**Student:** 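Pasting in a structure now, in structure tokens, and then I'll have a few things to ask.
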Number of protein chains: 2
Amino acid sequence: MNGGLDAVLRLVRAQAVLVKRFDASLGGLHGVSLADFTLLLRLSEAPGDRMRRVDLAEALGLTASGVTRGLVPLERIGLVRRDPDARDARVAYAALTDTGRERLAEMRATAGRVAEEVFAEPAWTEEDTKLLAGLLGRLGGTGIAGQGPAGS
Amino acid sequence: MNGGLDAVLRLVRAQAVLVKRFDASLGGLHGVSLADFTLLLRLSEAPGDRMRRVDLAEALGLTASGVTRGLVPLERIGLVRRDPDARDARVAYAALTDTGRERLAEMRATAGRVAEEVFAEPAWTEEDTKLLAGLLGRLGGTGIAGQGPAGS
DNA sequence: GACATCTCCTTGACTGCTCAAGCATATGGG
DNA sequence: CCCATATGCTTGAGCAGTCAAGGAGATGTC
């Protein structure tokens, strides 16, 4: 029996469940998907709240075209602005607008609440959650620093 | 700081990476996606290697239409057969063919190998992998034995 | 300064799923 | 028996992503 394969299949399943749950809350309250939220969150972590679209793609694990398509609705509803680069006419930054920052704070609260619900359900301790995040960090390459649990 | 939200975002990221990796190997060697493989695996776990399509959907966390669409190519390449029910003309079983069983064994070997690669990379112990699987089982509700509340 | 080449980004065609609608069949109540 | 309702499945439209192709601008070489 291959425990790793089992873990992978469970991970895929868990992801589907979680994404549905977050999409429902974020969509209902703020009109955005979890993917939208993640994108905005990345932008908010960048200096000046803006990134080149190609770097955003890299950071999110998407292709450039995925980012182009994902940004369209966010620009339309005014959460993200398209910013040209003075030096290089090829690049267009995606930048968080003031509205985007405000709305993002609300979304973060919603997402945080959902996460608390998820990890409160049966018997999740703070330790468990951290442990899970650490293990997942080793798998995904989030771009954010994060190691696994210390080697006991 | 919400550690749960962090864990969720990492999980989503890890899933994307893993799915790409498995799709590449399974697609290259056997012409199927990870989703196809998961579907076949479920079938192989059912008594008689067959399930009603509606139950398959439930087991996979998909909708009925997702199953209908996913089965089309598998029927076309002869891994799955469509089996009517003698008692109820509405139901159509999805059943693994002999070819399907054979090919599935090969796919399982491939997937197992990829899983080993994934979990060998930096410093995954057997313990870590089991731990991860256990934590994920609490989140996802795999339908396979394991714990996890029925939830909403 | 002109050409080849590289980078950033967008677009068209496709895939794999969703939801909503619909068809066919089953089932229980008058 | 006949009708209302429930169930199993398929289909059309749409959405979010992919890849492949291509346009526009930058850059290095001679």
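Just so it is clear, the structure is predicted and the values come from calculations on it, not from any experiment. Letters A, B, ... are given to chains in the order of the sequence lines, protein chains preceding strands, and every chain is numbered from 1.
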**Student:** Hey, what else clusters with Val72(A) if you join Ile, Leu, Val, Met, Phe, Trp, Tyr whenever side-chain heavy atoms sit under 4.5 Å?
**Tutor:** none

**Student:** Between dG8(D) atom C1' and Leu56(B) atom CG, what is the distance in whole Å?
**Tutor:** 13 Å

**Student:** What residues in residues 32-40 of chain B put a non-hydrogen atom under 4.0 Å from any atom of DNA chain D?
**Tutor:** none

**Student:** What nucleotide among dT10(C), dG8(D), dG17(D) has an atom nearest to a side-chain atom of Arg82(A)?
**Tutor:** dT10(C)

**Student:** Rounded to whole Å, how long is the line connecting atom CG of Leu62(B) with atom P of dC9(D)?
**Tutor:** 14 Å

**Student:** To the nearest Å, give me how far apart NZ (Lys20(A)) and C1' (dC15(D)) are.
**Tutor:** 15 Å

**Student:** Are any of the side-chain nitrogens in Lys20(B) or Asp23(B) under 4.0 Å away from the carboxylate oxygens of its partner?
**Tutor:** no

**Student:** Please give, in whole Å, the distance from dG16(C) P to Phe22(B) CZ?
**Tutor:** 18 Å

**Student:** Show the atom names and distances, to 0.1 Å, of all donor-acceptor pairs under 3.5 Å that link a side chain in residues 86-96 of chain A to residues at least two apart or in another chain.
**Tutor:**
residue	atom	partner	partner atom	Å
Asp88(A)	OD1	Arg90(A)	N	2.9
Asp88(A)	OD1	Arg90(A)	NE	3.0
Asp88(A)	OD2	Arg90(A)	NE	3.3
Asp88(A)	OD2	Arg90(A)	NH2	2.7
Tyr93(A)	OH	Asp85(A)	OD2	3.2

**Student:** For nucleotides 26-29 of chain D, give me every protein contact, N/O to N/O, under 3.5 Å, one pair per line with atom names.
**Tutor:**
residue	atom	partner	partner atom	Å
dA26(D)	OP1	Ala89(A)	N	3.1

**Student:** State the CG-CZ distance between Leu62(B) and Arg69(B), to the nearest 0.5 angstrom.
**Tutor:** 12.5 Å

**Student:** Hey, does Met107(B) have a side-chain heavy atom less than 4.5 Å from the side chain of Leu79(B)?
**Tutor:** yes

**Student:** For nucleotides 11-14 of chain C, print each protein N/O atom paired with a nucleotide N/O atom at under 3.5 Å, atom names and distance only.
**Tutor:**
residue	atom	partner	partner atom	Å
dG12(C)	N7	Arg69(A)	NH2	2.9
dG12(C)	O6	Arg69(A)	NH1	2.6

**Student:** Treat each ILVMFWY residue as a node, draw an edge where side-chain heavy atoms are under 4.5 Å apart, and state whether Val54(A) and Leu39(A) are in one component.
**Tutor:** no

**Student:** Does a nitrogen or oxygen in the side chain of Arg53(B) sit under 4.0 Å from OP1 or OP2 of dT7(D)?
**Tutor:** no

**Student:** Who pairs with Ala57(A) by side-chain contact (heavy atoms from CB on, under 4.5 Å), at least two apart in sequence or on another chain?
**Tutor:** Val67(A)

**Student:** Same cluster or not: are Leu131(B) and Leu5(A) linked, directly or through other Ile, Leu, Val, Met, Phe, Trp or Tyr residues, by side-chain heavy atoms under 4.5 angstrom apart?
**Tutor:** yes

**Student:** Do Leu41(B) and Val12(A) land in one hydrophobic cluster if side-chain heavy atoms of ILVMFWY residues count as linked below 4.5 Å?
**Tutor:** yes

**Student:** Quick one: does Asp36(B)'s side chain have a donor or acceptor within less than 3.5 Å of a partner on Ser33(B)'s backbone?
**Tutor:** yes

**Student:** Can you measure Asp23(A) atom CG to dC17(C) atom P for me and round it to whole angstrom units?
**Tutor:** 16 Å

**Student:** Let me know the distance between CG of Leu71(A) and C1' of dC8(C), rounded to the nearest Å.
**Tutor:** 14 Å

**Student:** Just checking Ala64(A): base, sugar-phosphate only, or nothing, at a heavy-atom cut-off of under 4.0 Å?
**Tutor:** base

**Student:** Are the side chain of Arg103(B) and the backbone N or O of His30(B) linked by a donor-acceptor pair below 3.5 Å?
**Tutor:** yes

**Student:** Using whole Å, report how far CG of Leu60(A) lies from C1' of dC9(C).
**Tutor:** 16 Å

